[in-house]
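Throughout, a chain's letter reflects where its sequence line sits, starting with A, and its residues are numbered from 1.
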Number of protein chains: 2
Amino acid sequence: MTIPASAAGGAGGRRSAPTVKDIARAANVSPMTVSRVLSGGNNVRPQVREHVERVIAEVGYRRNENARRLRQGNRSGLVGVLITNIGNPYYAGMLQGVEEVVAKTGRRIMVGVTNEDEQLERQLLSDFLGRQVEGLIVVPVGEDPDRFSIESLAGVPLVLASRSIAGTSADAVLLDDVRGALEATERMLAEGHRRVGFLGNQVSVSTGRRRLEGFRLAHRRLGLEPPDELIRLGQQDVTSAEQAMDSLLDLADPPTAVFAANNRNTVGAIRAISKRRTAARARHGVVPTVRLFGFDSFEFADMSPVPLSIVDHDPTELGRIAAQMLFDRLSGEDTRPGPRLIELPVHLVDFA
Amino acid sequence: MTIPASAAGGAGGRRSAPTVKDIARAANVSPMTVSRVLSGGNNVRPQVREHVERVIAEVGYRRNENARRLRQGNRSGLVGVLITNIGNPYYAGMLQGVEEVVAKTGRRIMVGVTNEDEQLERQLLSDFLGRQVEGLIVVPVGEDPDRFSIESLAGVPLVLASRSIAGTSADAVLLDDVRGALEATERMLAEGHRRVGFLGNQVSVSTGRRRLEGFRLAHRRLGLEPPDELIRLGQQDVTSAEQAMDSLLDLADPPTAVFAANNRNTVGAIRAISKRRTAARARHGVVPTVRLFGFDSFEFADMSPVPLSIVDHDPTELGRIAAQMLFDRLSGEDTRPGPRLIELPVHLVDFA
DNA sequence: CTGTTAGCGCCTTCAG
DNA sequence: CTGAAGGCGCTAACAG
């Protein structure tokens with residue numbers, strides 16, 4: 001898997017890049033003078049400075065930021081971002097927000113995809129720390145808080161995004177999952193639905209757990225208990241969500257309403273419902289109606305073929321805030337000893 | 001904008017990380033022995049090795065990859081990826097494919113967003129090169145090939161993705177834009193449409209130019225010439241695409257069919273058409289029908305409220321191939337002097 | 001204003 | 001098997 005360094009692409013081949021020494025030699029000055037010119041040219045005679053600049057331009061010299069940063073206290077200018085899946089537009093949006101804020105500080109993001117694999121996340125964390133990231137923004141996988149302890153992170157600040165882990169001292173930006181799920185479910189119950197289905201993540205994922213909690217809470221407030229047969233957990237993608245929704249609709253006594261606890265499940269539910277509608281229309285049967293409520297928006301939510309309400313919020317904003325929290329720590333502006341927790345509000349939106 | 005290094009986040013504060021020297025001292029061996037242990041422990045007495053490993057674990061030492069790579073010939077293990085917008089699911093998909101392949105080689109991706117700004121792209125390129133990326137994958141902005149010359153890239157291999165630039169010697173993975181647009185347009189013309197609209201990118205973007213070319217070509221083959229008033233260029237996002245579609249529909253003699261040359265324009269067109277349908281239904285007017293053909297798929301294409309066909313392909317696969325081409329150069333497997341160009345096929349899909 | 005010295009953290013080289 | 005010397009590319013710190 002290792003690939004030789006020597007080879008270079010295309011025509012030309014890459015010879016070892018020029019260094020300050022090369023420039024110094026070519027310009028008949030000391031490396032230090034070159035370094036000074038590179039850093040703005042203070043304390044360099046204008047004439048010398050111009051000469052060095054010309055040589056730099058001619059040779060096409062570019063300073064090695066890594067070597068520079070090594071000497072300067074080892075700040076890499078990198079922020080590590082770990083997400084579970086770029087294909088989910090939710091995380092893509094989050095990534096966009098993170099990049100936006102990180103880029104403003106002149107830093108860059110290194111992106112890793114954990115694919116919901118805790119082992120892989122561990123490796124990536126270790127790799128990122130070895131590459132001297134200045135900070136980390138992570139959508140965590142699994143429940144073990146150990147890997148996020150200050151010791152294992154060597155003091156590198158961390159912000160958990162969207163999901164939290166019990167027992168960490170890390171900062172986190174979350175959504176008001178419980179309230180969102182609670183209000184959505186209350187709405188459906190108030191509309192008279194008494195068999196409400198639930199499609200969500202594993203309870204080992206904090207968002208899955210919290211949204212299920214809100215769902216249950218809404219029922220209990222009315223003295224109800226949602227039956228287990230209406231609850232489907234662990235669907236990570238649209239296909240499995242669609243299957244889960246199918247299984248709900250195949251029940252002898254199917255739900256009249258469904259709460260889909262994230263956008264993958266909402267999309268899958270919409271697909272399952274549409275499919276049945278089309279089939280029913282084809283054989284002139286009864287077109288089934290299911291009241292659908294989702295969590296997380298997506299591009300076509302407002303044009304869904306199935307009437308839909310959404311517990312909405314902006315993942316890009318969540319990404320921005322996560323990055324901002326990180327820089328508050330990095331800059332020393334935020335010095336509180338304990339973790340800082342932000343819960344973003346959500347709001348309900350109806351799409352006829 | 002610069003942020004002090006000393007400050008560290010959270011409880012504890014970050015003291016300067018332990019180095020091989022620290023471990024060596026604590027284990028009563030030379031730094032070299034520690035280094036050997038870190039590299040697998042060859043030529044180290046098992047007993048010493050174990051002892052050093054224990055110390056490493058206790059102290060929580062982690063080796064500084066950047067320093068290591070500096071000594072070892074300056075291979076950073078980083079691939080720079082520049083895309084115009086993560087919010088576009090098309091590019092998010094591409095990024096996913098790139099990450100997947102890059103991760104398999106043990107490298108990481110550094111991601112920059114150019115936001116269709118050529119100046120910003122230049123800065124990011126320079127920044128990435130300074131950080132010693134081993135290769136670059138870029139969705140280019142603008143038409144100037146200069147910034148991609150071998151000299152300005154210092155021999156770092158580059159693969160252009162999705163879009164090309166005339167006059168570069170860089171490798172590229174593109175789509176068969178011309179054929180896709182040609183076949184789509186031919187279909188609509190064969191269906192009898194004679195006023196076909198076009199929504200696309202600026203012609204300064206290669207995809208915009210090539211897709212428009214295919215559109216024109218289809219007309220000319222029938223001895224037709226598409227009227228300028230039906231062509232709208234430069235929409236970068238859904239909102240402006242929707243406005244452009246509105247303007248087409250507002251024409252005295254509106255198009256009966258429209259070709260949307262990328263997914264942002266397709267989505268915008270769908271929105272514009274739906275909006276009018278809803279309005280027409282409300283006042284019991286005539287529900288307008290427009291034959292719509294898009295380029296690039298998107299999640300809800302098959303559930304579009306407007307009948308739709310798509311010139312389809314897989315952006316994730318495009319990302320994978322781009323990364324593979326890069327590694328073919330890096331590994332020296334691909335040594336051809338000139339650029340390598342891959343055009344991926346597209347296929348037409350109909351969604352009732 | 002300019003150069004010299006030294007060292008960031010690590011590893012290649014060579015000598016034991 | 002182990003260590004000492006030296007240097008990757010760059011720049012603080014100090015001397016002139």
Peer 1: Begin with the C-alpha distance, continue with both residues' side-chain angles, and end with the deciding distance and a verdict on side-chain hydrogen bond (donor to acceptor under 3.5 Å, both in side chains) for B:Ser76 and B:Arg131.
Peer 2: CA-CA 8 Å; B:Ser76 63; B:Arg131 290 171 193 265; over 6 Å; no
Peer 1: Could you check how far NZ of A:Lys21 sits from C1' of D:dC10, rounded to whole Å?
Peer 2: 10 Å
Peer 1: B:Glu121 and B:Val141: which non-hydrogen atoms are nearest, and at how many Å?
Peer 2: OE2-N, 2.9 Å
Peer 1: I want to verify a distance call: between D:dG3, C:dT2, D:dG6, whose nearest atom is closest to the A:Asn43 side chain?
Peer 2: C:dT2
Peer 1: Mind calculating the distance between CG (B:Asp22) and P (C:dG9) to the nearest angstrom?
Peer 2: 8 Å
Peer 1: Starting at CD of A:Gln72 and ending at P of D:dC10, how long is that distance when rounded to a whole Å?
Peer 2: 12 Å
Peer 1: Could you check B:Pro31 against A:Ser39 and say which one's nearest nucleotide on DNA chain D is further toward the 5' end?
Peer 2: B:Pro31
Peer 1: Distance check: side-chain N/O of A:Thr19 vs OP1/OP2 of D:dG9, anything under 4.0 Å?
Peer 2: no
Peer 1: Applying side chain to side chain donor-acceptor pair (under 3.5 Å) between B:Arg122 and each of B:Asp146, B:Asp117, B:Asp144, B:Asp127, report the one that passes.
Peer 2: B:Asp144
Peer 1: Please report the distance, rounded to the nearest Å, between CG in A:Leu38 and P in D:dG9.
Peer 2: 14 Å
Peer 1: Where is the tightest heavy-atom contact between B:Met110 and B:Leu78, given as atom of each residue plus distance?
Peer 2: SD-CD1, 3.8 Å
Peer 1: Which residues within residues 47-70 of chain A lie with some heavy atom under 4.0 Å of an atom in DNA chain C?
Peer 2: A:Val48, A:Leu70
Peer 1: A:Gln132 has an atom CD; how far is it from atom C1' of C:dC10, in whole Å?
Peer 2: 11 Å
Peer 1: So does A:Arg71 reach the base of C:dC8 with its side chain, donor to acceptor, closer than 3.5 Å?
Peer 2: no
Peer 1: Given atom CE of B:Met32 and atom P of D:dG7, what is their separation to the nearest angstrom?
Peer 2: 16 Å
Peer 1: Less than 4.0 angstrom between a side-chain N/O of B:Thr33 and OP1 or OP2 of D:dG3, yes or no?
Peer 2: yes
Peer 1: At their closest point, which heavy atom of A:Gly142 faces which heavy atom of A:Glu118, and how far apart are they?
Peer 2: CA-OE1, 3.5 Å
Peer 1: In sequence, state the C-alpha distance, the side-chain angles, and the governing distance for B:Arg45 and B:Glu50, and then conclude on side chain to side chain contact (heavy atoms under 4.5 Å, CB included).
Peer 2: CA-CA 9 Å; B:Arg45 221 176 343 140; B:Glu50 273 169 39; over 6 Å; no
Peer 1: Nearest to the side chain of A:Arg36, which nucleotide is it out of D:dG3, C:dT4, C:dT2?
Peer 2: C:dT2
Peer 1: A:Arg25 has an atom CZ; how far is it from atom P of D:dG9, in whole Å?
Peer 2: 11 Å
Peer 1: Let's see if you can work this out: which of C:dG3, D:dT2, C:dC11 has an atom nearest to the side-chain heavy atoms of B:Arg45?
Peer 2: D:dT2
Peer 1: Could you tell me which non-hydrogen atom of A:Gly319 sits nearest to which non-hydrogen atom of A:Val98, and how far apart they are?
Peer 2: O-CG2, 3.4 Å
